[in-house]
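Everything numeric in this text was worked out from a predicted model, so none of it was measured. Computed from heavy atoms alone, side chains included, the values below leave out hydrogens, waters and symmetry copies.
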Amino acid sequence: MDTFSSDQSNLVFALTTVHTEGDGQHNFTLRIYSLDDASQMYIEEAIFRIAEQCQVIRIPFTPMQLFHTRININGESNTCLLLCGNDGGVHLYLRNKSTNKWEEEHVRSYFPFLASLSESSILSLEIREIGDLKIVAAGCQNGRLHVSIMKFDTSVGDFVPMDEPACVVLFSPITSISVFSSSSSKVSPGDIHMLVTCAVERAIIYCNVDKLVLNRPVYLKECSQYDSVLCSNIMDVDWDGNNEILVGTYGRELLVYKQGFHT
């Protein structure tokens, strides 16, 4: 599931569902709830009202991850939905301004890097803008980690790749990716790192990913001692101005790592 606000809607809530028929066949859907006039509502009222405005899109594949990001269309910023599937593709959905319906578009038109990744299903997707940089990272079921770093080009009004995409093969399926800055300040974000967690091995921090890409990995201690790592998050837990790393495991442990990447 994913939730966000866009230029057309104050509140958008999207999720994928599965319904099993009597014969055992699984039917998957993408459900998108949009509310355009939520600015004057309490959150409880907005949640009740948004359930009345739902668009259902049937999808012929098993969904892996749902993600939203902003893209540039003719000089205008738009919010799109990206849905990774077990068909090896990344499916992009945009809201049609004329019909107010979400429609699938070709992902290659906006993310040619993602369109080229079809050798394995993408389990984890991260797209993060920090300053004039945009970092796109995709973690696959076969353990491959793909990273593309782009920089904003004022002459074209959009992000363009700085170098060829980088790739490394890890030992197991990639369960989560988080690109983050060392500082929680938006004015001075500090160094940019990338957290990658896998189903079997230890979580990895790729330090200074904007400069060194995948050439400086640091492995987080202890996180592999509590069964598979399932999820991760980045936030300033203790309000000291620096981001901490949160790692959740199948063994029901929540590990917090501070700067220096120790528990």
Side-chain angles (χ1 to χ4, degrees), residues 1-6 8-9 11-36 50-73 78-128 136-148 165 167 169-170 172-178 196-199 228 230-231:
M1 62 178 63
D2 192 16
T3 183
F4 58 93
S5 61
S6 67
Q8 296 171 281
S9 298
L11 180 62
V12 178
F13 177 68
L15 75 160
T16 57
T17 63
V18 56
H19 175 72
T20 304
E21 302 290 348
D23 58 359
Q25 181 180 354
H26 301 306
N27 295 320
F28 298 96
T29 61
L30 170 62
R31 297 174 180 265
I32 306 175
Y33 301 84
S34 302
L35 189 60
D36 300 334
I50 198 172
E52 302 173 355
Q53 305 179 38
C54 175
Q55 179 183 350
V56 180
I57 302 174
R58 295 188 180 276
I59 49 179
F61 53 84
T62 303
M64 296 296 185
Q65 185 188 2
L66 185 60
F67 190 87
H68 78 273
T69 189
R70 301 190 71 84
I71 57 176
N72 187 302
I73 303 178
N78 290 263
T79 302
C80 70
L81 278 168
L82 294 170
L83 180 58
C84 306
N86 71 336
D87 58 351
V90 178
H91 305 265
L92 185 146
Y93 298 88
L94 277 171
R95 193 176 185 183
N96 188 311
K97 293 184 178 181
S98 301
T99 62
N100 283 332
K101 295 293 185 181
W102 290 82
E103 301 173 353
E104 184 171 1
E105 302 281 347
H106 293 294
V107 71
R108 184 176 297 276
S109 302
Y110 307 100
F111 296 100
F113 164 64
L114 294 178
S116 66
L117 308 180
S118 58
E119 81 282 353
S120 179
S121 301
I122 296 176
L123 300 183
S124 303
L125 179 64
E126 172 78 334
I127 302 175
R128 181 75 185 275
V136 182
C140 299
Q141 191 171 11
N142 63 2
R144 287 185 177 271
L145 173 65
H146 302 269
V147 179
S148 176
C167 176
V169 181
L170 303 179
S172 62
I174 297 172
T175 55
S176 71
I177 301 174
S178 297
V196 179
T197 66
C198 301
S228 296
L230 300 180
C231 59

Can you tell me how far the NE2 atom of His106 sits from the NE2 atom of His91, to the nearest 0.5 Å?
12.0 Å

To the nearest 0.5 Å, tell me how far Arg108 CZ sits from Leu92 CG.
13.0 Å

Aromatic plane relationship, Phe4 with His68 - under 30° parallel, 30 to 60° tilted, over 60° perpendicular:
parallel

Show the nearest heavy-atom pair for residues Phe113 and Pro165, with the distance to one decimal.
CE1-CB, 3.5 Å

Would the distance check show the side chain of Thr197 and the main-chain N or O of Ser176 forming a donor-acceptor pair, the cut-off being under 3.5 Å?
yes

Closest non-hydrogen atom pair between Phe67 and Ile127, with its separation
CZ-N, 3.4 Å

Which atom of Trp102 lies closest to which atom of Ser34, heavy atoms considered
NE1-OG, 3.6 Å

Does Glu104 reach the side chain of Ile59, with side-chain heavy atoms less than 4.5 Å apart?
no

Where Leu117 and Ala138 come nearest, the two heavy atoms and their spacing:
CD1-CB, 3.8 Å

Hey, could you give me the NE2/NE2 distance between His19 and His26, rounded to the nearest 0.5 Å?
11.0 Å

Closest non-hydrogen atom pair between Ser124 and Ile174, with its separation
OG-O, 3.1 Å

Show your working on side-chain contact (heavy atoms from CB on, under 4.5 Å) between Tyr93 and Ile57 and close with a plain yes or no.
CA-CA 10 Å; Tyr93 298 88; Ile57 302 174; 4.1 Å; yes

Looking only at non-hydrogen atoms, find the nearest pair between Leu83 and Pro63 and report the distance.
CD1-CB, 3.8 Å

Between Thr62, Thr17, Thr16, which is the residue that forms a side chain to side chain contact (heavy atoms under 4.5 Å, CB included) with Phe28?
Thr62

Answer with yes or no whether the side chains of Thr79 and Arg70 bring together a donor and an acceptor at under 3.5 Å.
yes

Donor-acceptor pair, side chain of Thr175 and main chain of Cys231, under 3.5 angstrom:
no

Can you check whether Leu94 reaches Ile73 side chain to side chain, under 4.5 Å on heavy atoms?
yes

Test side-chain contact (heavy atoms from CB on, under 4.5 Å) applied to Leu114 and Leu125, step by step:
CA-CA 10 Å; Leu114 294 178; Leu125 179 64; 3.8 Å; yes

Name of the residue among Val107, Asp2, Ile122 meeting side chain to side chain contact (heavy atoms under 4.5 Å, CB included) with Leu82
Val107

Under 3.5 Å, is there a donor-acceptor pair between the side chain of Ser121 and the main chain of Gln141?
no

Between Ser116 and His146, is there a side-chain heavy-atom distance shorter than 4.5 Å?
no

Does the side chain of Leu66 come within less than 4.5 Å of Met1's, by heavy atoms?
no

Return the CG to CD distance between Leu30 and Gln55, rounded to the nearest 0.5 Å.
8.0 Å

Are Arg31 and Cys54 packed together at the side-chain level, in the sense that at least one heavy-atom pair is separated by less than 4.5 angstrom?
yes

Report yes or no: does Ser120 contribute a side-chain atom to a donor-acceptor pair with the main-chain N or O of Asn142 at less than 3.5 Å?
yes

Do the side chains of Leu123 and Cys84 get nearer than 4.5 Å, heavy atoms only?
no

Using a 3.5 Å distance criterion without hydrogens, assess whether the side chain of Thr3 forms a donor-acceptor pair with backbone atoms of Phe13.
no

